[in-house]
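Reading through the structure tokens given below for one structure.
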Amino acid sequence: MSDATPQPKSIDNADKSMDDIMSLCKRRGFIYQASEIYGGINGFWDYGPLGAQLKKNLRDAWWEDVIMMGCSGATGPDGEPVEIVPLDTCIIQNPKVWEASGHIGGFNDPMVDCRETKSRYRADHVQVMSQASGEGQMYAFIGGDDASEAAARKKLEKYARTELTDDQIAVTPLVELDLDVYGRVVGPDAKEAGTLTAPRAFNLMFPTVVGATGDVEDDKAYLRPETAQGIFIHFKNVVDTTRVKLPFGIANVGKSFRNEVTPRNFTFRSREFEQMECEFFCHADDAKDWYQFWRDSRMAWWESIGLAGANLRLREHDTDELAHYAKDGAGTADVEYKYPFTAPDYGELEGIAHRADFDLKQHQEHSKVKLEYFDTTRGELAPNGQPEGERYLPHCIEPAAGLDRGVLALICEAYTPDPDRPSKVFMRFHPRIAPIKAAVFPLVAKGGMPEVALELHRELRQRFGKYGLIEYDAKQSVGKRYARMDEAGCPFCFTIDGETVEDGPNKDTVTVRDRDTAEQTRMPISQVADFLSQKLGL
RNA sequence: GCGGGCGUAGCUCAAUGGUAGAGCGUCAGCCUUCCAAGCUGAAUGUUGUCGGUUCGAGUCCGAUCGCCCGCUCCA
């Protein structure tokens with residue numbers, strides 16, 4: 001990682017226009033609307049040349065740091081290096097996987113709409129108050145909301161024309177009422193009865209059909225809504241075949257799909273998106289320490305690639321917003337970014353969840369396959385001095401990052417308006433993730449300069465081309481070329497000028513122009529590659 | 001899914017119901033020795049799509065698709 005490039009101060013994203021950012025993304029080929037020439041398709045976005053490379057750089061950085069370097073070479077809370085192994089699992093799995101994980105059964109929350117007030121409620125949150133007899137009008141309210149409940153009681157008493165004791169009142173969950181009673185129910189915020197719709201289920205999983213016969217019911221399968229389950233169901237395989245020992249992690253990068261109720265906010269809530277997930281397994285006694293470790297490590301990692309300052313924060317979930325799998329865990333935290341469209345609020349970038357043994361337990365029950373780990377380092381000491389060992393289901397800490405959300409955050413963070421420069425805006429990508437690593441220009445397209453520039457371009461491309469684009473540009477004026485590179489976020493431009501090719505004190509030197517400061521310095525052409533290597537952190 | 005706003009060239013936007021335009025960008029040429037300089041020229045549009053009203057629709061009406069905002073939701 002480069003420590004040579006000073007990280008300029010982060011600009012508050014509340015001052016950036018998302019429309020302008022989206023416009024630049026299109027103009028410079030970062031992000032296009034999917035299927036654009038056919039009118040687009042709601043919730044899908046494609047990456048243009050610069051976006052594709054930017055996304056790859058972020059994915060590679062995660063893969064290298066989290067997996068290959070074991071959390072950037074950190075020492076875990078156990079004092080040992082962190083061990084992570086990669087995995088690459090299918091988007092389509094046996095549908096039973098999603099029954100076990102809970103994605104098919106309990107998590108498509110049914111919703112009810114109120115035709116009168118246009119409000120929408122989670123059906124399982126709505127309670128219905130009636131007279132104990134169950135006769136007459138009934139009044140819905142939001143369970144747990146005292147004001148809403150008091151209002152319902154007041155309305156019911158007015159309807160009954162008398163004060164009612166608790167015994168004279170019945171409260172029933174809406175979902176347990178017969179549909180033919182709905183006509184007598186007054187919505188929580190409504191005046192008339194019968195305005196609530198029947199509860200409607202939202203299944204967020206994409207159904208698909210496996211097999212050429214296309215039998216929708218018999219051969220129904222799903223595109224995965226998260227990569228995590230592919231990891232859990234291979235936990236035993238990885239333990240049995242790779243000599244890993246607890247604690248260790250398994251990581252998977254790949255596409256996931258969710259039929260979001262409302263795709264919104266550019267690529268933030270896409271229906272097809274890419275996740276970078278790690279399931280880190282450890283003994284239950286150590287889970288809390290590992291949870292803290294991953295929380296802090298992941299926050300530091302995002303800072304290391306250019307997200308920093310007030311636009312980034314780490315937030316612990318309140319207990320009442322914990323997901324189904326995290327109820328028994330030590331907690332859930334989100335790394336959140338202040339996107340321009342959420343500002344002054346923040347939106348999720350990565351979640352770090354203590355899932356306890358929820359998933360392994362579920363898969364063990366549903367598959368009838370023992371997924372326990374035999375830990376030879378634990379248990380009572382046997383007479384021979386060796387631990388007897390302990391058999392248990394490991395607990396799991398899950399740092400799960402959204403790759404597309406990461407790209408979006410990097411773009412928003414990099415976007416830097418600057419009225420003083422010709423481009424009026426530049427993209428201040430961290431050199432490590434910048435899609436264009438360097439550009440080489442002849443100051444003017446004559447006098448032997450293009451030849452020297454092309455030679456330098458060849459050299460740099462050969463050495464750095466695998467990390468990103470190395471551009472050559474001789475068109476128009478050098479000012480335009482600098483401006484173009486500013487908008488694309490290229491950190492360094494090398495220019496061959498008259499002094500490079502003429503005899504004199506500066507023969508064989510070039511100027512390097514720094515994107516962030518627009519300052520130029522002169523260096524021998526022979527040192528350019530090493531300079532770039534150091535700046536890119538290679 | 002509901003409500004509101006919007007949809008014209010790559011981008012930003014004009015065009016009273018009457019011939020679809022400008023700026024910027026892009027490309028070509030000239031010029032140019034360090035920040036979108038200048039000159040000349042060029043390409044790019046079924047005005048998101050479909051239908052209707054009209055002698056005539058970018059403009060009015062309807063539907064549809066997409067984007068933005070609010071509500072709602074978010075494993």
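Quantities reported herein were computed from a predicted structural model and do not represent experimental measurements. First the proteins, then the strands, lettered A, B, ... as listed; each starts at 1.
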Tell me, please, whether A:F268 has A:R405 positioned over its six-membered ring: NZ or CZ under 6.0 Å from the ring centre and within 45 degrees of its axis?
-> yes
Distance between C1' atoms of B:U44 and B:C27 (Å, rounded) | 11 Å
Just call it for A:K424: base, sugar-phosphate, or nothing, with non-hydrogen atoms closer than 4.0 Å on any strand.
-> nothing
Ranges pairing with ranges for RNA chain B, where each run has three or more Watson-Crick or G-U pairs under 3.5 Å = B:1-7 with B:65-71, B:10-13 with B:21-24, B:26-30 with B:38-42, B:48-52 with B:60-64
Would you say A:R355 reaches B:A75's phosphate, i.e. side-chain N/O to OP1/OP2 under 4.0 Å?
-> no
Quick one: label A:R421 by what it contacts on the DNA or RNA (base, sugar-phosphate, nothing), any heavy atom closer than 4.0 Å.
-> nothing
Taking only the side-chain nitrogens and oxygens of A:T495, find out if one of them lies under 4.0 Å from OP1 or OP2 of B:C34.
-> no
Are any of the side-chain nitrogens in A:R27 or A:E487 under 4.0 Å away from the carboxylate oxygens of its partner?
-> yes
Answer yes if the side chains of A:Q229 and A:S101 hold a donor-acceptor pair under 3.5 Å, and no otherwise.
-> no
N/O donor to acceptor pairs below 3.5 angstrom from side-chain atoms of residues 489-499 of chain A, sequence neighbours left out:
from   : atom 1 : to     : atom 2 : distance (Å)
A:T495 : OG1    : A:Y482 : OH     : 2.8
A:D497 : OD1    : A:E499 : N      : 3.1
A:D497 : OD1    : A:T500 : N      : 3.2
A:D497 : OD1    : A:T500 : OG1    : 3.1
A:D497 : OD1    : A:R522 : NH2    : 3.3
A:D497 : OD2    : A:R522 : NH2    : 2.4
A:E499 : OE1    : A:N506 : ND2    : 2.4

Scan nucleotides 8-12 of chain B against the protein and return all N/O pairs shorter than 3.5 Å with their distances rounded to 0.1 Å.
from  : atom 1 : to    : atom 2 : distance (Å)
B:G10 : O3'    : A:K26 : NZ     : 3.3
B:C11 : OP1    : A:K26 : NZ     : 2.7
B:C11 : O3'    : A:S23 : OG     : 2.9
B:C11 : O2'    : A:S23 : OG     : 3.2

Quantified in whole Å, what is the P atom distance between nucleotide B:A9 and nucleotide B:G5?
-> 22 Å
Shortest side-chain distance from A:R269, nucleotide among B:A75, B:U32, B:C73 | B:C73
Without placing hydrogens or testing angles, list every side-chain donor-acceptor pair under 3.5 Å for residues 444-458 of chain A, not counting sequence neighbours.
from   : atom 1 : to     : atom 2 : distance (Å)
A:E455 : OE1    : A:R458 : NH2    : 3.0
A:H457 : NE2    : A:I470 : O      : 2.9

In plain terms, say whether A:R484 and A:D473 are close enough for a salt bridge, that is, a side-chain N and a carboxylate O under 4.0 Å apart.
-> yes
Using only heavy-atom distances, decide whether a donor-acceptor pair under 3.5 angstrom links the side-chain of A:R513 to the base of B:C35.
-> yes
Polar atom pairs between nucleotides 65-67 of chain B and protein, under 3.5 Å, N or O only, would you list them?
from  : atom 1 : to    : atom 2 : distance (Å)
B:C65 : O2'    : A:G39 : O      : 3.4
B:G66 : OP1    : A:N42 : N      : 3.2
B:G66 : O4'    : A:G39 : O      : 3.1
B:G66 : O3'    : A:Q33 : NE2    : 3.2
B:G66 : O2'    : A:Q33 : NE2    : 2.5
B:C67 : OP1    : A:G43 : N      : 3.4
B:C67 : OP2    : A:N42 : OD1    : 2.8

Specify the separation, in whole Å, of atom CD of A:E272 and atom P of B:C74.
-> 23 Å
Base, sugar-phosphate, or nothing: which does A:M449 touch, judged by heavy atoms less than 4.0 Å apart?
-> base
Do A:R298's NZ or CZ and the ring of A:W301 fall within the cation-pi criteria of under 6.0 Å and 45°?
-> yes
Which whole-number value in Å describes the distance from A:I231 CD1 to B:A75 P?
-> 19 Å
Sugar-phosphate, base or nothing in reach of A:R264, heavy atoms under 4.0 Å = base
Are A:R421 and A:F426 in a cation-pi contact, defined as NZ or CZ under 6.0 Å from the six-membered ring centre and within 45° of the axis?
-> yes
More than 12 foreign heavy atoms under 6.0 Å from NZ of A:K96: is that the case here?
-> no
Between A:K480 and A:L443, who's closer to the 5' end of RNA chain B by nearest nucleotide?
-> A:L443
Inter-nucleotide P distance (B:U40, B:G23), Å rounded | 12 Å
Mind checking the P distance from B:G38 to B:G52? Whole angstroms is fine.
-> 49 Å
Look at A:R313 together with A:D334 and state whether they make a salt bridge at an N to O cut-off of under 4.0 Å.
-> no
Pair A:E226, A:S256: side-chain N/O donor-acceptor within cut-off below 3.5 Å = no
Tell me what A:E487 touches on the nucleic acid: a base, only sugar-phosphate, or nothing, going by heavy atoms under 4.0 Å.
-> base
Quantified in whole Å, what is the C1' atom distance between nucleotide B:C30 and nucleotide B:G45?
-> 30 Å
Measure centre to centre between the rings of A:Y222 and A:F206, then say whether the value is under 6.0 Å.
-> no
Which of the following nucleotides, B:U33, B:A75, B:C35, is nearest to the side chain of A:H103?
-> B:A75
Take the protein atom CG of A:D418 and the nucleotide atom P of B:A36, then report the distance between them rounded to whole Å.
-> 13 Å
Roughly, in whole Å, what's the span from CG in A:D473 to P in B:U32?
-> 19 Å
Assign each of A:R522 and A:E348 the nucleotide of RNA chain B bearing its closest heavy atom; nearer the 5' end lies the nucleotide of A:R522
Using atom types as modelled, flag every donor-acceptor pair under 3.5 Å from a side chain in residues 32-50 of chain A to any protein atom, sequence neighbours excluded.
from  : atom 1 : to     : atom 2 : distance (Å)
A:W45 : NE1    : A:F266 : O      : 3.1
A:Y47 : OH     : A:D404 : OD2    : 2.7

Nearest to side-chain heavy atoms of A:R258, which nucleotide of B:U26, B:C74, B:C35 | B:C74
Can you tell me how far C1' of B:C35 sits from CG of A:D486, to the nearest Å?
-> 9 Å
How many Å lie between CZ on A:F494 and C1' on B:C35, as a whole number?
-> 17 Å
What is the nucleic acid contact for A:F341, judged by heavy atoms within less than 4.0 Å: base, sugar-phosphate only, or nothing?
-> sugar-phosphate
Salt bridge or not for A:K255 and A:E274, using N-O below 4.0 Å?
-> no
Nearest to the side chain of A:K475, which nucleotide is it out of B:C34, B:A75, B:A28?
-> B:A28
For B:A22 and B:A14, measure between their P atoms and round to the nearest Å.
-> 16 Å
For A:A445, answer base if it contacts any base atom (sugar-phosphate contacts may also be present), sugar-phosphate if it contacts only those atoms, and nothing otherwise; contact means non-hydrogen atoms under 4.0 Å.
-> base
Rounded distance in Å between the C1' positions of B:C65 and B:C24 = 29 Å
What integer number of Å spans the C1' atoms of B:G7 and B:U47?
-> 9 Å
